[in-house]
Amino acid sequence: MKDEPVRDLARERLLSAELAELFDTDLAQLEARGAGPQRRHGPWLAAALLCLGATVAFGVAWLRRHDDAAAAQGKFDPLDPWWEQERHPTFRVPEVVVTTPEQVAALPAAVARITVSTREAQDGTIEAVLRRSGLRQLLLVHGDAQVAARVPWPSLAAQSSLHSLGCYALPVAADWLRSLQPWPELRSLALPNGSIRLDAATATALAGIRTLRHLDLAYDELEPEGLLRLAALPELDTLVLGVPPRQQPDLRANFAAVAQIRSLRALFCDGDFEPMPAEALRELHRLERLVALQLTNFQVDDEALEALPRTLEHLALPTLAGVTARGLAGLAERSALRSLACHLPIPAELDAAVAATVAKLPLECFECRSGMPSARLWAELAGSPVLRRVGVGLGRDELPTAVFERALGCRSLVVLWVSLATLPTPQQLGVLREHPALRRIVLRRTAPDVVPTAAELAALRASVRAEVEFL
């Protein structure tokens, strides 16, 4: 059914429900034709209709705002999820890292996303970046309190055209965060790795940045009261959390606070290999719009899988060591899941159960982020008519040739992601040249020394018909 008829039916149903409540009448009776003989209505009817008009107007306005917000933010697409552009723009744009003013001056004018390694940066580097026109994203990484003292915070506060700002492991004061509140375009803010402590004062400053849709607080110390105050952000769409090392937070209390952020559609949470309580996951059931959940470096069991919200369309699971085939069978009944990722290698004893789960779900995306899928799992993926995206993470000693050969068998595949520690040859990648549907190949390096030259990258791109990105 198309969206417009659905909205019309919803509004008609809202009107019928309001009439039934005002007139103390059963809804089915009210909607039926010829619901009874006419009655004499007194002056109370005018007052009732006045209340009804106001109530229905409010309801219709709410529906329109809801529709507009959904249209503005877009629906979840397993092929190209929104957080890859908003949460990590560098997934789609090669990272440009500078440490000197001369490097900044040499950048092409079209470069709009820049990372400054603040620990190694020479004086004047950040100022040179801020003087560039068209700057959309700025990331300041690798710092400490001493480095933070050299950051030109007043000049940065004046850069109100930024869409995305990140301070990684760089202490940021709550008072300075308030200077971001007038920024009209700021959508994404990353303050991970101990950059802040989310207490009430810091959260109040963040809650004043009304344009925020994506907030990264991974590995920051959190207080439930601080998380509660983030509910004041009207458009917060994606939240990234992470347990700081050697800390044992109250996950249920934290998730109960997160559940008050009713606009949230995606939650990413990284742990320190502690158990993920089922009761914490049940708190997320109150998030009616939550479609994406990523749990990494946690221990989960069958009870935790059963406690997952039923609204999820994307799920990234941590280690499956505590899960049984019975728990995975329950996961296979969740017909809403369209994207599934396994963060750590799949235990051999669960390989058949994972393959059976993949076979039953209408998956458009599947990822093994730490290791090659088994032959059994590849066979199930190849047999799926709706699978459009596959991601594989390879170790240093694993060659990508087998991935390319297996991906060739997935005939509906449109996007292939491969994280690797060695650069493939054009001959190896060329296996995919005859793939009938493949449009995009993303090669993401996991070793800092794997950097192709311009000639090597050109040769890789010439070996296939799909677009090739190297990140």
Review point. Can a salt bridge be assigned to the pair D80 and R388 using a cut-off of 4.0 Å between side-chain N and carboxylate O?
Key: no

Review point. How long is the gap from CH2 on W183 to CG on L212, to the nearest 0.5 Å?
Key: 10.5 Å

Review point. Counting only N and O atoms by type, is there a donor-acceptor contact under 3.5 Å from the side chain of T118 to the main-chain atoms of L140?
Key: no

Review point. Do you know the tightest heavy-atom contact between P424 and L460?
Key: O-CD2, 3.4 Å

Check your understanding: Can you list the steps and then say if E380 with S384 is a side chain to side chain donor-acceptor pair (under 3.5 Å)?
Key -> CA-CA 7 Å; E380 295 295 350; S384 171; over 6 Å; no

Point to revise | From CE (M372) to CG (L399), nearest 0.5 Å | key: 10.5 Å

Study note, to complete from the structure: dist L340:CG -> E313:CD (nearest 0.5 Å) comes out at 13.5 Å

Review point. Can you name the closest pair of heavy atoms from A145 and P171 and give their distance?
Key: N-CG, 3.8 Å

Check your understanding: How long is the gap from CG on D270 to CD on Q294, to the nearest 0.5 Å?
Key -> 8.0 Å

Point to revise | Heavy-atom closest contact (L251 atom, P277 atom, distance) | key: CD1-CD, 3.7 Å

Practice item. Before giving the answer on side chain to side chain donor-acceptor pair (under 3.5 Å), spell out for R187 and H163 the whole-Å C-alpha distance, their side-chain angles and the decisive distance to 0.1 Å. Key: CA-CA 5 Å; R187 295 163 51 94; H163 286 212; 5.2 Å; no

Point to revise | Ion pair check, R338 and E364, cut-off under 4.0 Å | key: yes

Review point. With no hydrogens and no angle check, is any side-chain donor or acceptor of T125 less than 3.5 Å from a backbone partner on T99?
Key: yes

Exercise for review: Report yes or no: is the cationic atom of R265 (NZ for Lys, CZ for Arg) under 6.0 Å from the centre of the six-membered ring of W82, at an angle within 45° of the ring normal?
Suggested key: yes

Point to revise | Trace of the side chain to side chain donor-acceptor pair (under 3.5 Å) decision for H214 with S188 | key: CA-CA 5 Å; H214 306 268; S188 179; 5.8 Å; no

Exercise for review: Could you walk me through whether L206 and L177 pass side-chain contact (heavy atoms from CB on, under 4.5 Å), step by step?
Suggested key: CA-CA 7 Å; L206 289 173; L177 290 174; 3.9 Å; yes

Point to revise | Name of the residue among V442, V390, L443 meeting side chain to side chain contact (heavy atoms under 4.5 Å, CB included) with W417 | key: V442

Practice item. Could you walk me through whether N297 and T319 pass the side-chain contact (heavy atoms from CB on, under 4.5 Å) test, one step at a time? Key: CA-CA 7 Å; N297 297 330; T319 174; over 6 Å; no

Point to revise | Qualifying ring pair (Phe, Tyr, Trp, His ring centres under 6.0 Å) pairs with a residue from residues 288-347, counting only residues at least two apart or across chains | key: W83-H314

Point to revise | Donor-acceptor pair, side chain of R289 and main chain of S263, under 3.5 angstrom | key: yes

Check your understanding: Is F255 close to L281 at the side-chain level, that is, under 4.5 Å between some pair of heavy atoms?
Key -> yes

Exercise for review: Please report the shortest heavy-atom distance between P345 and S370, naming the atom on each side.
Suggested key: CG-O, 3.1 Å

**Study point:** Flag side-chain contact, heavy atom, 4.5 Å: L287 against T311
**Key:** no

**Study point:** Lys/Arg N to Asp/Glu carboxylate O, D220 vs R197, below 4.0 Å
**Key:** no

Practice item. Report yes or no: does T238 contribute a side-chain atom to a donor-acceptor pair with the main-chain N or O of A266 at less than 3.5 Å? Key: no

Review point. Ignoring hydrogens and geometry, is there a side-chain-to-backbone donor-acceptor pair from H142 to L170 under 3.5 Å?
Key: no

Practice item. Answer whether the closest heavy-atom distance between the side chains of V450 and F470 falls below 4.5 Å. Key: yes

Practice item. Taking the side chain as every heavy atom from C-beta outward, state whether L241 and V258 have any atom pair closer than 4.5 Å. Key: yes

**Study point:** Check: R433 and R465 side chains under 4.5 Å, non-hydrogen atoms
**Key:** yes

Revision key, fill the gap. Smallest heavy-atom separation, L432 atom then A407 atom, equals CD2-CB, 4.1 Å

Revision key, fill the gap. Of all heavy-atom pairs linking I346 and C368, the shortest is CD1-SG, 3.9 Å

Review point. Hey, does T425 have a side-chain heavy atom less than 4.5 Å from the side chain of E456?
Key: no

**Study point:** Residue pairs, two or more places apart or on separate chains, that pass side-chain hydrogen bond (donor to acceptor under 3.5 Å, both in side chains) and touch residues 328-337
**Key:** E333-K360

Practice item. Indicate yes or no for a side-chain donor-acceptor contact from Q159 to the backbone of L156 under 3.5 Å, with no hydrogens or angles considered. Key: no

Practice item. Taking T211 for its side chain and P184 for its backbone only, find out whether a donor-acceptor pair lies under 3.5 Å. Key: no

Exercise for review: Measure the shortest side-chain to side-chain distance between L416 and L413 over non-hydrogen atoms and say whether it is less than 4.5 angstrom.
Suggested key: yes

Review point. Just wondering, more than 12 heavy atoms not from R150 lying within 6.0 Å of its CZ?
Key: yes

Review point. H435 side chain to A466 main-chain N or O, any donor-acceptor pair under 3.5 Å?
Key: no

**Study point:** Heavy-atom side-chain contact between L138 and L130 under 4.5 Å
**Key:** yes

Practice item. Evaluate whether atom CZ of R286 has more than 12 neighbouring non-hydrogen atoms of other residues, nucleotides or ligands under 6.0 angstrom away. Key: yes

Practice item. Walk me through it: do R252 and E279 pass the test salt bridge (charged side-chain N to carboxylate O under 4.0 Å, His left out)? Key: CA-CA 6 Å; R252 181 175 184 177; E279 57 267 23; 5.2 Å; no

Exercise for review: Kindly compute the distance separating CG (D301) from CG (L320), expressed to the nearest 0.5 Å.
Suggested key: 11.5 Å

Check your understanding: Sub-3.5 Å donor-acceptor pair from the side chain of D272 to the main-chain atoms of V243, do we have one?
Key -> no

Point to revise | Worked check of side-chain contact (heavy atoms from CB on, under 4.5 Å) between V104 and R132 | key: CA-CA 9 Å; V104 178; R132 292 177 61 89; 3.8 Å; yes

Review point. Just how far is it from atom SG of C167 to atom CG of L139, taken to the nearest 0.5 Å?
Key: 9.0 Å

Exercise for review: Could you go through the side-chain contact (heavy atoms from CB on, under 4.5 Å) check for L331 and L337 one step at a time?
Suggested key: CA-CA 9 Å; L331 189 66; L337 274 179; 4.0 Å; yes

Point to revise | Sidechain N-carboxylate O distance under 4.0 Å for R440, E467 | key: no

Review point. Just by modelled atom types, is the F273 backbone N or O under 3.5 Å from a matching donor or acceptor in the Q299 side chain?
Key: yes

Check your understanding: Does E303 pair with R282 as a salt bridge, N-O distance under 4.0 Å?
Key -> yes

Can you give the donor-acceptor pairs under 3.5 Å from side chains of residues 391-398 to other protein atoms, not counting sequence neighbours?
{"from": "E398", "atom 1": "OE1", "to": "G395", "atom 2": "N", "distance (Å)": "2.7"}

Check your understanding: So, are E367 and R389 salt-bridged, with charged N and O less than 4.0 Å apart?
Key -> yes

